[in-house]
Amino acid sequence: MNKSKRFETSVIHAGYDSKQHLGSLSTPIFQTSTFTFDSAEQGERRFAGEEEGYIYSRLGNPTVRALEEKIAELEGGDMGLAFGSGMAAVSAVLVALTKTGDHILCSQGLYGCTFGLLRMMNEKYNITSDFSQMETEEEVRELIQPNTSCIYIETPINPTMRLLDLEMIARVAKEYDIPVVVDNTFSTPYLQRPLELGCDIVIHSATKYICGHGDVIAGLVVAKKEFLSEVAMTTQKDIGGVISPFDAWLLLRGLKTLPVRMDRHSYNAAKIFKEMEKHTDIKRVYYPDDVQHPDYSIKEKQMKQGGGIIAFEIEGTKEDAQQLLNNLSFIQIAVSLGDAESLIQHPATMTHAVVPEAERLKMGITDQMIRLSVGLEAWEDIWDDLEKALSKLPAAKEGIKN
Ligand SMILES: *Cc1c(COP(=O)(O)O)cnc(C)c1O
């Protein structure tokens, strides 16, 4: 595939050549568990790695391979691997990178299950982790230990939308020869490409924007061939969290519209952010494309647009926050994000319910905070739904009385 093509073209054409598949425009779904050999000797050669070809779908499948080649090109990396979930991808990478007694330096906030995985690795293998906003080079240097095996980052951080400077962190990590892993789920390669900023490994929960239609659980990893071939032959093959060919096909289908969808998600979110900022019953709004955001300069540096996720805090109590969700008409109450439908959730009692209260508050996740994944509906309708729901809260009613 021609690497000089623009993103919008690669997202449609990379990783697939219809001429090799009887002219089929859509990538065929190779719904097979295994692949037959012409002879016993061919089987021997395939297992010995002396001959290219498929063996068994846990070790590779043509539909899955098309997806892996596409995501590798979109992230600007040399190899991609697909998994049965975002967490299968995260665990395959972290287990491959660490051994007993190692240390992992992490961003201040992490996806709940990634946090759970780190806790398990600590209990079982004495692998420790530190969490930091990593705002300066000095801060990163101070936290790197002789046994630090990787730096693991989410940016934007869920749900507070704080950002970390990927180029700066990658530059410092390089001095110590420590790989930087980035969970790029919230941004997708259309808005942010960590490998181009010097980071080493990119992970996606493809369940979210990559799929975009709320019908698949999947994960993706892009990195150097040397590292990912090892993952393919160890933590992917032997732990076995692979994706099904049909789910890979659904991701290939969803990916074709990624730039169009991300433009619209970002446009809608920016519009709703502006309305929220003006609303008297909303205490605070968290959105990266905001000149007053503490990390706005990082957004300008590494993100093409602000993305589709907004967090906000209302005036009132936890019950008021829950009432707001109950007051909505078409915005759906659900975790997950990145779908055509606008999805809303209450982090304190849903995605971050497992985080102890003190720690949760330290992360800035209050009982009044709500996270909205802005969908592809008309932004005016999304705002109308929110505004009506807000107007029914006690704070709004008191406002009328005054
Ligand atoms: C959803 C999510 C994950 C986990 O992905 P699954 O596909 O649900 O396993 C990891 N990281 C982030 C940032 C996520 O949003």
Side-chain angles (χ1 to χ4, degrees), residues 64 67 71 75 80-95 104 106-121 129 131 150-164 166 180-192 194 199 201-222 235-236 239-244 247-248 250-251 254-255 262 265 286 288 303 307-311 334-339 343-347 350-355 363 365 371-375:
V64 174
L67 171 66
I71 193 66
E75 286 286 3
L81 273 186
F83 292 82
S85 71
M87 286 318 302
V90 173
S91 54
V93 166
L94 283 180
V95 171
I104 305 175
C106 305
S107 51
Q108 190 65 59
L110 283 183
Y111 182 72
C113 299
T114 304
F115 190 74
L117 174 69
L118 290 173
R119 194 157 45 197
M120 183 177 79
M121 288 168 79
S129 24
F131 300 87
C150 67
I151 297 181
Y152 189 95
I153 295 170
E154 283 181 26
T155 177
I157 292 174
N158 175 28
T160 55
M161 306 308 286
R162 288 295 306 268
L163 309 180
L164 280 78
L166 294 176
V180 177
V181 186
V182 181
D183 179 333
N184 204 25
T185 301
F186 272 44
S187 301
T188 81
Y190 182 60
L191 300 186
Q192 172 173 283
C199 301
I201 300 161
V202 170
I203 299 180
H204 285 281
S205 167
T207 310
K208 316 294 167 55
Y209 288 109
I210 300 271
C211 171
H213 297 74
D215 44 20
V216 173
I217 299 276
L220 294 167
V221 181
V222 179
T235 53
Q236 186 186 50
I239 298 178
V242 292
I243 191 173
S244 80
D247 284 354
L250 282 170
L251 294 185
L255 264 172
M262 293 313 288
H265 282 299
Y286 302 79
M303 291 177 78
I309 309 296
I310 298 180
V335 295
S336 198
L337 53 101
D339 294 331
L343 304 178
I344 200 160
Q345 67 109 358
H346 183 237
M350 295 180 186
T351 51
H352 293 72
V354 294
V355 184
M363 286 160 74
I365 305 168
R371 186 190 77 189
L372 174 68
S373 168
V374 180

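Just the heavy atoms: all of them, side chains too, but no hydrogens, waters or symmetry mates, feed the values below. Counting starts at 1 for both ligands and their atoms, in listed order. Numbers here simply count residues along the sequence, with the first being 1.
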**Message:** Does any part of the side chain of L117, heavy atoms only, come nearer than 4.5 Å to the side chain of L94, both counted from C-beta?
**Reply:**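 Touching, per the 4.5 Å side-chain cut-off.
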**Asked** With a 4.5 Å limit on heavy-atom distance, are the side chains of L67 and L220 in contact?
**Response**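 The answer is yes, as the side chains (C-beta and beyond) meet within the 4.5 Å cut-off.
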Regarding ligand 1, does [X] bring an N or O atom to under 3.5 Å of one of the ligand's N or O atoms?
| X | result |
| --- | --- |
| E154 | no |
| G86 | yes |
| M87 | yes |

**Message:** As an exercise, identify every atom of ligand 1 less than 4.0 angstrom from a heavy atom of D183.
**Reply:**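 Counting from 1, the qualifying ligand atoms are 10 (C), 11 (N), 12 (C), 13 (C).
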**Request:** Using a strict 4.0 Å cut-off to heavy atoms of S85, name the atoms of ligand 1 that fall inside it.
**Result:**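 Near S85, the atoms of ligand 1 are 7 (O), 9 (O).
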**Asked** Relative to ligand 1, is A218 under 4.0 angstrom through side chain, backbone, both or neither, heavy atoms considered?
**Response**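 The backbone, only.
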**Request:** For this output row, return yes or no: ring centroids of Y209 and F186 closer than 6.0 angstrom.
**Result:**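 No, the ring of Y209 stays outside the 6.0 Å limit from the ring of F186, centre to centre.
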**Request:** Look at ligand 1 and say whether T114 reaches it with a heavy atom at a distance under 4.0 Å.
**Result:**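 Judged by the 4.0 Å heavy-atom criterion, T114 does not count as contacting ligand 1.
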**Message:** How far is atom 4 (C) of ligand 1 from the closest protein heavy atom, and which atom is that?
**Reply:**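 Checking every protein heavy atom, the shortest distance to atom 4 (C) of ligand 1 gives Y111 CE2, 3.3 Å.
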**atom 2 (C) of ligand 1 - nearest protein heavy atom and its distance** =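 Nearest neighbour among protein heavy atoms for atom 2 (C) of ligand 1, to 0.1 Å: K208 NZ, 2.6 Å.
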**Item:** Closest approach of M303 to S187 (non-hydrogen atoms, all atoms of both residues)
**Value:**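 That would be CE-OG, 3.7 Å.
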**Prompt:** Between E154 and N184, is any side-chain donor less than 3.5 angstrom from a side-chain acceptor?
**Reply:**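 N184 and E154 do not have a side-chain donor-acceptor pair below 3.5 Å.
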**Asked** Measuring from L343:CG to L372:CG, what's the distance to the nearest 0.5 Å?
**Response**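 Rounded to the nearest 0.5 Å, the CG-CG separation comes to 8.5 Å.
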**Asked** Which option out of N158, T207, N184 puts a heavy atom nearest to atom 7 (O) of ligand 1?
**Response**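 Going through N158, T207, N184 one by one, T207 has the nearest heavy atom to atom 7 (O) of ligand 1.
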